[in-house]
2 protein chains.
Amino acid sequence: MTDHLPLKLEHFLPYRLSVLSNTISQGIAREYHTRFGLSITEWRAMAVLARFDKSKLSARQVAERTAMDKVAISRAVGKLVARSLVNRKMHQDDRRRSVLALTPKGWFIHNQVAPLARGYEREVLKKLNSEEQVWLNRILDKLSPL
Amino acid sequence: MTDHLPLKLEHFLPYRLSVLSNTISQGIAREYHTRFGLSITEWRAMAVLARFDKSKLSARQVAERTAMDKVAISRAVGKLVARSLVNRKMHQDDRRRSVLALTPKGWFIHNQVAPLARGYEREVLKKLNSEEQVWLNRILDKLSPL
DNA sequence: TGGTTATAGTTTCAATTGCAACTATTAGCA
DNA sequence: TGCTAATAGTTGCAATTGAAACTATAACCA
């Protein structure tokens, strides 16, 4: 076994993914943080509330859809409610659940951040030709259910 | 422009990369954290010191090689020194610089963590056939200099 | 030289996060 | 029913992180 030999971090998949992912996420996040005062968690919560607007999601559902834990979502939603970007009601049939939705003010901000995020994604994908983009999606599909 | 339409997070590249990368990194990190009490930063510093053993790196060089900031490295190295996993001397010609190297005890732990990390990477790559693995590397090469 | 600027690394303090404990409510079932 | 277990969400506290300020040393240059 030569398994104990030093790793070459720059060829080590988990490290490369981590650096790439952080670079991209922080690049977008810095922009919407300075312009709109949103954290990553807050923006993700807004994004799923926008997408599933009709379904009136609960905090737990937001947590599932954003792959974040419920404490993070609780705090993020708390701030969004305090800023009147999200409206929180109690579920009629299950008084434990919350019923969340973007306010008009929340939609207004969402509609500015969404293109910004899309634009950044486009910038990244520009570095790949269309064949590579297809492979990347296929690879992410295969790796994602880890 | 329809750019303001809600994002589908599950198809949004930065989000997918972030979830995948966190899943992988935390999977490995939990293992070496419970077994050896190392944080991700600490392990990365050790990995770099192992790889460039001969060069006697400074903290700044470790920071560059691990893509972490100098404050994080300063703290990580501080803990590693406290645990006698890393030896820290002052550079002879430039007394600002530190000269870092793994101790035998540090090597002993490194030699256990390295195979663990490699094994985890193998597990991940097992989900891809060799053609996909080649494409993944090519894609990461093209995206990495962001 | 000497005076300014730059660099290496640490420290400080506030903000963020992560985990466990907690409250309130509902579900399951004998 | 009434008791126990499960679920939704919040809170508290300790640990981690991030940004700026700070110390010490070296480099630059008039």
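Note on naming: letters A, B, ... go to the chains in the order of the sequence lines (proteins, then strands), and numbering restarts at 1 for each one. The basis for the numbers below is simple: all heavy atoms, side chains too, and nothing from hydrogens, waters or symmetry mates.
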Cluster link B:Val71 to B:Met68, ILVMFWY, side chain under 4.5 Å: no

Given side chains that start at C-beta, do those of B:Leu80 and B:Leu38 come closer than 4.5 Å, heavy atoms only? yes

Comparing A:His33 and A:Arg95 on DNA chain C - which has the more 5′ nearest nucleotide: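 Result of the comparison: A:His33.
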
Output the residues of residues 35-43 of chain A in contact with DNA chain C, where contact means a heavy atom of the residue under 4.0 Å from an atom of the strand; sort by number or write none.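 Under 4.0 Å from DNA chain C: no residue of residues 35-43 of chain A.
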
[X] versus [Y], closest heavy-atom pair with distance:
X        : Y        : answer
B:Pro6   : A:Ala50  : CG-O, 3.8 Å
B:Ala63  : B:Asp69  : CB-C, 4.4 Å
A:Leu125 : A:Gln133 : O-NE2, 3.0 Å
A:Thr66  : A:Ile73  : OG1-CD1, 3.6 Å
A:Tyr120 : A:Ile24  : CE2-O, 3.8 Å

So if I apply the side chain to side chain contact (heavy atoms under 4.5 Å, CB included) rule between A:Leu100 and each of A:Lys89, A:Lys56, A:Gln61, A:Arg88, which one comes out positive?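 That would be A:Arg88.
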
I'd like to know if A:Arg75 reaches the base of C:dG18 with its side chain such that a donor and an acceptor end up less than 3.5 angstrom apart. yes

Going 5' to 3' on DNA chain D, which nucleotide is the first and which the last to come under 4.0 Å of a heavy atom in chain A?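 Boundary nucleotides touching chain A, in 5' to 3' order, are D:dA6 to D:dG12.
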
Hey, what are the protein-to-nucleotides 6-8 of chain C N/O distances that come in under 3.5 Å?
from: C:dT7; atom 1: O2; to: B:Arg96; atom 2: NH1; distance (Å): 2.7
from: C:dA8; atom 1: OP1; to: B:Arg60; atom 2: NE; distance (Å): 2.3
from: C:dA8; atom 1: OP2; to: B:Arg60; atom 2: NE; distance (Å): 3.2

Salt bridge flag under 4.0 Å for residues B:Lys126 and B:Glu123: yes

What contact category does B:Val71 fall into here, base, sugar-phosphate, or nothing, at under 4.0 angstrom with non-hydrogen atoms?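 It contacts base atoms.
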
Does a donor on one side chain sit under 3.5 Å from an acceptor on the other, for B:Arg44 and A:Ser18?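 Checked: B:Arg44/A:Ser18 side chains pair up, N/O donor to acceptor below 3.5 Å.
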
